[in-house]
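Below: the structure, in structure tokens.
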Amino acid sequence: MFEKILIANRGEIALRIQRACREMGIKTVAVHSTADSTAMNVRLADESVCIGPPPARGSYLNVAAILSAATITGADAIHPGLGFLAENADFAALVEEHGFTFIGPSAEHIRLMGDKVRAKDEARRLGIPIVPGSPTAVSDIGAAMAAARLVDYPVLLKASAGGGGRGMKLARNEAELARMLPLAQTEAKAAFADDSVYLERYLERPRHIEVQLLGDGDGGVIHLGERDCSVQRSHQKLLEETPSPALAPAARQRIQTLAVNALKKLGYKSAGTMEFLYQDGEFYFIEMNTRLQVEHPISEMVSGVDIVREQIRIAAGEALDHRQSDISLRGHAIECRINAESPDNFRPSPGRISEYHAPGGLGIRVDSAAYQGYEVPPYYDSLIAKLVIHGANRAECLMRLSRALDEYVIGGIETTLPLHQRLVEDAGFRRGDYHIHWLDEFLARSR
Ligand code: MV4
């Protein structure tokens, strides 16, 4: 097992990883920007290294500084966390070339899944249902129109190097497609330095359902159930839950088996997530994330499996600590993302947290690096806490969630706590009756 792990991240996720290391008796190195020197993950780490100024380019994306920090502190392995360098195949390869272990999948698997056209092709080969679309990138309007005719309108143009929704363009007919193709290509070029785009049949009101997976690289693969991440706006998730209120047992079983078998054939090593759109009883693969995800705690709450510990064990060459038959998915879990932003217009609200009191009690977990007196810096993602609730069933989970939201005090800055309170009271949400555009409609209604 590793003796010392460098955590190349910040905030709540850096602290989450550090907690797993502590429990495993592994020493930790925190790296931080000059804006994060008073952060809780830095204070609690065994060692810390300042790696540069606040803009991520200078610090959390500064590969040379991170590798130097690993060298001078004598770390054995680097955990990238999520965001920043977590899905950068070149970084994963460089970490290994410098003699450290990258805690994550192989650089080849990261690269494969980072190319959305190749990822879809691989999924199809592995027997996973995909959204009907162009089998390759469409470089000119002739190719785009031919592909669109085959799958039928409306169609969605997506960047091959994209993901997360950036640069997508909807076209409801040929005239719109002709107008949108150059726009999509220009945006893809600007955002990802690659102008290739592909096209898919547009699904109007799907849910976003993803399967949490763990592979040991040696054919051992387990799933920890699915997560329903449909409650989102502008591709930012607000709340996730497991199990999905939309799935009947047979559909759930079907997607779990498909995902596990595919990952076995892939020889995938580490934690990963397969993302699907789900509409009218059908699943459509869209992307695979080759990293730990923000919403991983809800899967931990229902499965009892520590996903970060498993990532570390697998990276150290140990076998999975769990067999599928040993895992029972118990009860229901919901995560609310608490952001330092206005609950009305979602504008960031950095500043000093003057009062802080986190909720507690049975079935309540708070993943946060915030504390009273902490200054939320303006440079980063505004996520400051994840409130994670477990209950024997969805009704108990909602009951606890309401109570925990009431109990949570974060003063001095604006947070999304009041929005979550309104959400959990909504009749549609309580019925579990929502899709990926549901939150936009909810927000429009409540204006
Ligand atoms: C789609 C879609 C509808 N039809 N693909 C957005 C993020 C990226 N990962 C895939 N996305 C979508 N792909 C087809 N063929 C709708 C979305 C989408 C979405 C997906 C998941 C969660 C939130 C979303 C919000 C808007 C659009």
Side-chain angles (χ1 to χ4, degrees), residues 113-125 128-210 229-238 246 274-289 345-346 428 433-445 447:
M113 295 304 170
D115 178 335
K116 305 304 162 184
V117 172
R118 273 182 71 206
K120 260 187 90 175
D121 198 50
E122 187 69 16
R124 190 183 44 74
R125 230 175 42 81
I128 304 268
I130 57 176
V131 192
S134 62
T136 59
V138 287
S139 48
D140 58 79
I141 188 63
M145 283 191 183
R149 260 195 297 276
L150 284 176
V151 301
D152 204 5
Y153 290 90
V155 296
L156 196 58
L157 291 161
K158 298 183 174 185
S160 306
R166 274 169 76 196
M168 297 195 316
K169 296 281 173 230
L170 176 61
R172 295 202 174 267
N173 51 52
E174 290 204 335
E176 284 186 10
L177 184 58
R179 198 147 43 84
M180 291 302 176
L181 181 65
L183 280 181
Q185 287 169 325
T186 305
E187 280 189 26
K189 180 86 187 169
F192 311 109
D194 176 353
D195 70 355
S196 67
V197 300
Y198 64 107
L199 150 173
E200 279 179 356
R201 166 89 217 220
Y202 177 66
L203 303 174
E204 300 273 357
R205 290 189 148 216
R207 297 176 78 113
H208 178 198
I209 293 178
E210 58 187 29
C229 307
S230 304
V231 180
Q232 60 84 38
R233 63 170 289 282
S234 307
H235 305 292
Q236 297 294 313
K237 298 166 186 166
L238 252 81
M274 277 196 193
E275 292 192 356
F276 298 90
L277 298 178
Y278 180 70
Q279 185 174 285
D280 303 326
E282 298 294 336
F283 289 99
Y284 305 90
F285 171 89
I286 44 170
E287 288 173 25
M288 178 163 176
N289 300 319
N345 56 30
F346 300 97
D433 189 8
Y434 56 77
H435 50 78
I436 62 170
H437 306 297
W438 177 87
L439 183 63
D440 291 332
E441 295 169 11
F442 171 87
L443 293 170
R445 273 202 303 282
R447 280 201 211 296

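Just so you know, these numbers use all the heavy atoms, side chains as well, and skip hydrogens, waters and symmetry mates. These numbers come from a predicted model, not from an experiment.
- Here the side chain of Lys120 pairs a donor or acceptor atom with the backbone of Val131 at under 3.5 angstrom.
- Here Leu170 contributes atom CG and Leu157 contributes atom CG; the two are 9.0 Å apart, rounded to the nearest 0.5 Å.
- Distance check, rounded to the nearest 0.5 Å: CD of Glu275 to CD of Glu210 gives 5.5 Å.
- In plain terms, the two heavy atoms of Ala148 and Val155 that are nearest each other are CB-CG1, 4.0 Å.
- Minimum interatomic distance between Lys237 and Gln232 (heavy atoms only, all atoms of both residues): CA-CB, 3.8 Å.
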Atom pairs and distances, side-chain donor-acceptor, residues 176-187, under 3.5 Å, sequence neighbours left out:
from   : atom 1 : to     : atom 2 : distance (Å)
Glu176 : OE1    : Arg172 : N      : 2.7
Gln185 : NE2    : Ser139 : O      : 3.1
Thr186 : OG1    : Pro182 : O      : 2.8
Glu187 : OE2    : Lys169 : NZ     : 3.0

Inset, instruction - Go through Glu204 and His437 one step at a time and tell me if the side chain to side chain contact (heavy atoms under 4.5 Å, CB included) criterion holds. - result: CA-CA 9 Å; Glu204 300 273 357; His437 306 297; over 6 Å; no
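- Interatomic distance, CD of Glu282 versus CZ of Phe276, reported as 12.5 Å (0.5 Å rounding).
- Nearest heavy-atom pair across Leu443 and Arg233 is CD1-CD, 3.8 Å.
- Here Gln236 contributes atom CD and Leu439 contributes atom CG; the two are 11.5 Å apart, rounded to the nearest 0.5 Å.
- Residues Asp195 and Ala188 share a closest heavy-atom pair of CA-CB, 4.1 Å.
- A distance of 14.5 Å separates CG in Leu277 from CZ in Arg205, rounded to the nearest 0.5 Å.
- With hydrogens and angles disregarded, no donor-acceptor distance shorter than 3.5 Å links the side chain of Ser196 to the backbone of Ser160.
- Counting all heavy atoms, side chain and backbone alike, Phe192 lies closest to Ala161 at CD2-O, 3.6 Å.
- Ser134 places a side-chain N or O within donor-acceptor distance of the main-chain N or O of Leu199, the cut-off being under 3.5 Å.
- The aromatic rings of Trp438 and Tyr434 lie tilted to each other, with the angle between the two planes from 30° to 60°.
- Side-chain contact between Glu200 and Met168 is absent, with no heavy-atom pair separated by less than 4.5 Å.
- Listed for the Ser230 side chain is a donor-acceptor partner under 3.5 Å among the backbone atoms of His208.
- Across all non-hydrogen atoms, the minimal contact from Gly162 to Lys116 is O-CE, 3.1 Å.
- In this structure, the separation between CZ on Phe285 and CD on Glu122 is 9.5 Å, given to the nearest 0.5 Å.
- Here the side chains of Asp121 and Pro135 are not in contact, with every heavy-atom distance at 4.5 Å or above.
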